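Taking it in order: structure first as structure tokens, then the write-up.
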Amino acid sequence: MKLVVTEKNDAAQKIADLLGVKKPKADKVYSTPVYRFDVDGEEWVTIGLRGHILEPDFTPTMVYKKRGGWQGVTEEGETFPAQLPATLPKPPFKKKKPFTEDGVELKAWKMDALPYLVYAPIKKQPKEKEIIRSLKNLAKKADSIIIATDFDREGELIGSDALSCIQEVNPDAPVSRARYSAFTKEEITHAFDNLVELDVNLASAGASRQDIDLIWGAVLTRYLTLVKFAGYGNVRSSGRVQTPTLALIVAKERERLAFVPEDYWVIRGAFGTDPDAFEAPHATARFKVEAEASAVMAHVEGATTARVSGVEKKKRTVQPPAPFNTTSLMAAASAEGLSPARTMRIAESLYMDGYISYPRVDNTVYPSSLDLAETVRAISGNPAYAPYCKELLAKGELKATRGKKETTDHPPIYPTAKATPDDLAPADYKLYNLIARRFLATLSEAAVVEGTKVSLDVNGEPFVAKGDVLSKPGFRAIYPYGLKKDEQLPALAEGETIAFNGAVCTKKQTEPPARYSQGKLIQEMEKLGLGTKSTRHSIIERLYAVKYIVNDPIEPSQLGMAVCDALDKFAPHITHPEMTAELEEEMDNIAEGRTTKAQVVDTSRNLLSDQLASLLPHSEEVKDALADAVAADAYVGPCPKCGKDLQLRASQKTRGMFIGCAGWPDCDVTYPLPKGKVESVPEPCPTCGMPQVKVTAFRSKPRTICIDPNCSTNKEPDVIVGECPVCKEKGKQANLVAQKNPRTLKRFIHCENYEECGVGYPLPQYGALQATGEVCEHCGAPMVIVTTARGPWKLCPNFDCPGKEQDEEKKGASGAKGAVKKAPAKKAPAKKPAAKKAPAKKPAAKKDSSDKA
DNA sequence: GCAAGGTC
């Protein structure tokens, strides 16, 4: 039996399809899918891994895993491999074990142990145990092995790791390597007819990256975390990619902080008569001196006419965009409000469901093997694209744009099947739509924009009106993303005199450089060689998770700035993208056989050792800087009782946020907070002077609220919404009242006579509430109107109302029409009357649960 | 409780 090992299940299936004469048999070994087929009477089996199946880690004894992982580097009595350089400082031991120079016996603790962690031995550990089990099971029966992982450095490493697992159970089977860069019949057949040897040096280059990342990451992360320990779950991380990325964001913020805004004045004139009225700025776009602007205003004062002194028309062609690769997709989606991480989550699921091609790709040139016309026909089933597709196909041979990057790993991202808004959840369709339209755009003609420049003269003062009109839509007809609205000027002729209706002078200020959006940051990372197409989005997510950055466009937190500054001062190597560039160079050297993994990793260890040695003596300084930063990030304002800082805090028990006084336990002032993301804002409450916070609840707009529940801005008058149906039945009269609980800030309806009848209904927590006087036709509860940013919404607050079920059914019925895929209709979750607002048109939202808030 | 890189 021939065993073929690929990097992922997908590849295993495709290779089996392409090599097997007959359709391969899908089978499973334990829980791993495999594909069996015959070639010239011999049995072949393909198995897909899940990326790396091994990962390096410090050997378990050296990093005492259970309790003291970060307490020390060795267990009692253990000997340390004697490769420590002489320059390494001897730790001040807190426990009695002696230190001996050769075959060193150590007992160092926490921070003191870090210099030894730099040199701690590393071993590959199993990561995908299930897959390894299946792989070994197959390997035992194999006569020969073909490694067919991706054709790149990590692929070679993944293949080499797989091979080491295989050789544990079958050391003698001959091994070869298939190298392919596309899943086409020719390419795959050629690769398997021309097998080569596994490139051990290339794999070793990848392995050195793994080790170096682990060592630097673990040592610096432990340093930052331990230097100011803030409880479990508060890791302050650092790494070869994430720290330089953070440094980019911090540098941008510094630029903004150093920016001195300058005043300038703009003058806009009003011209023409309705419906041909338009505005135009003075030819001097910005006046830096106010007196000059005033002089112009004086010149035009009282004028009623303007002379058209010139009309200039220019045509501009705008070329259609290049095909999408991962980076350009993330950038474009980011502009449409989908974060890179979310984009990749959605893209992965669209890919898995067969709607788009493989989403992790650098390539921006369609391969000749891709049938463009067939793809256009495939997606033309969507009525929104149908007319355009028809037009494209009628033109004859299709010609696609080409991007700058041409690789052969995968084709650029394109749609592989038709989808309509009924088939997908809204966010999924949004991304699909972007990808499908981009694909059509890459096959389209250029757009032509006709620019008109009209010069106007008012009492000798020049004004310039500019208008842009899309005169030939070209690709813009299908790809409107980022398109400016037409600015049509009325038809004017040179020498003509038109009405002048006065001018307005406005004072403005120059703006600091913009912060990075997530999309822009991804592009900048790519430019600097930080991370890969598959990891960049997760690096940014990581920076959010450890609270180094907040918001989008991205701002660094005080903590992020402090971490970046501390490392830049004492361990600058980790804060620069050059570390990656240098590593890349060394990896090339390893791959070419000019040096070895051991040499490169040892050199890197020594460098880290130096950086750590410069960091350790300044631990007090770093500790204070981090502590101050954390306090500044949490600060919301002064405590009204003791004057100390009020801080945002997380409850140990519920993990919810609340505001507490830094003077605790001496001062017991606390304030409750509503659910959602909470940030401090500098301005105090205009009504009562207490601090305010910005609250962003799930899927809502941020609101700034006063932290004092007793502030009049938080007091909602109790609203009588109707009569209690239960009490009424018993012959009593009691009102149902909507109130806000001052302790929990939660709003709900309950009966005045609640103690006896127990009637209570939940309410949406946001939006103005109104009584209607009507009762629900299903359950008799009072109907209410809640007005949010999205408009008014009438609802029955009764959670158990029988009408709810009927609504669900109706939704299902209308959604099922033409729905290809449908998730089982989710029951409205308890305590969430808001679920009722789900758009009735679409089937139950498919992926919403996967979105991290 | 660490990184970054694959992939799910």
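Note that the coordinates shown come from a computational prediction; the quantities given were computed from them, not determined experimentally. Lettering follows sequence order; numbering is per chain, from 1.
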Exercise. Do A:T575 side-chain atoms and A:A571 backbone N/O form a donor-acceptor pair below 3.5 Å?
Worked result: no
With heavy atoms under 4.0 Å as the rule, sort [X] into base, sugar-phosphate or nothing.
X	value
A:G531	sugar-phosphate
A:I539	sugar-phosphate
A:Y223	nothing
A:D10	nothing
A:E348	sugar-phosphate
A:K533	nothing

Determine the minimum heavy-atom distance between [X] and [Y], stating which atoms define it.
X	Y	value
A:S208	A:I590	OG-CD1, 3.5 Å
A:I212	A:M579	CG2-CE, 4.1 Å
A:R36	A:D27	NE-OD2, 2.7 Å

Using OP1 and OP2 only, check whether a side-chain N or O of [X] sits under 4.0 Å from [N].
X	N	answer
A:R153	B:dG5	no
A:T532	B:dG6	yes
A:S534	B:dG6	yes
A:R50	B:dG6	no
A:R360	B:dT7	yes
A:T535	B:dA4	no

Given [options], which nucleotide is nearest the side-chain atoms of [X]?
X	options	answer
A:D213	B:dT7, B:dG5, B:dA4	B:dA4
A:F58	B:dA4, B:dG6, B:dC2	B:dC2
A:E128	B:dC8, B:dG1, B:dA4	B:dC8
A:E154	B:dG5, B:dT7, B:dA3	B:dG5

Please report, to 0.1 Å, the donor-acceptor pairs under 3.5 Å made by any side chain of residues 619-627 of chain A, with sequence neighbours excluded.
from, atom 1, to, atom 2, distance (Å)
A:S619, OG, A:Y223, OH, 3.1
A:S619, OG, A:L616, O, 2.8
A:E621, OE2, A:K569, NZ, 2.8

For this session: Assign each of A:R542 and A:E7 to its nearest nucleotide of DNA chain B by heavy atoms, then name whichever residue's nucleotide is nearer the 5' end.
Result: A:R542
Atom pair distance, as rounded to whole Å: [atom1] in [X] and [atom2] in [N]:
X	N	atom1	atom2	answer
A:W216	B:dG5	CH2	C1'	19 Å
A:L528	B:dA4	CG	C1'	17 Å
A:L157	B:dT7	CG	C1'	14 Å
A:E55	B:dG5	CD	C1'	10 Å
A:L543	B:dC2	CG	P	14 Å
A:F151	B:dG6	CZ	P	16 Å

Problem set entry | Donor-acceptor pair (no angle test) under 3.5 Å: A:N9 side chain, B:dC8 base | no
For this session: Give me the residues of residues 233-250 of chain A where at least one heavy atom lies under 4.0 Å from an atom of DNA chain B, by number, or none.
Result: A:V235, A:S237, A:S238, A:G239, A:R240, A:V241, A:Q242
Problem set entry | Sub-6.0 Å ring centroid separation between A:Y180 and A:F151 | no
Seminar exercise, completed: Contacts of A:Y30 meeting ring-ring contact (aromatic ring centres under 6.0 Å, His included) (sequence neighbours excluded), chain-then-number -> none
Exercise. Is any side-chain N of the basic residue among A:K8 and A:D150 closer than 4.0 Å to the acidic one's carboxylate O?
Worked result: yes
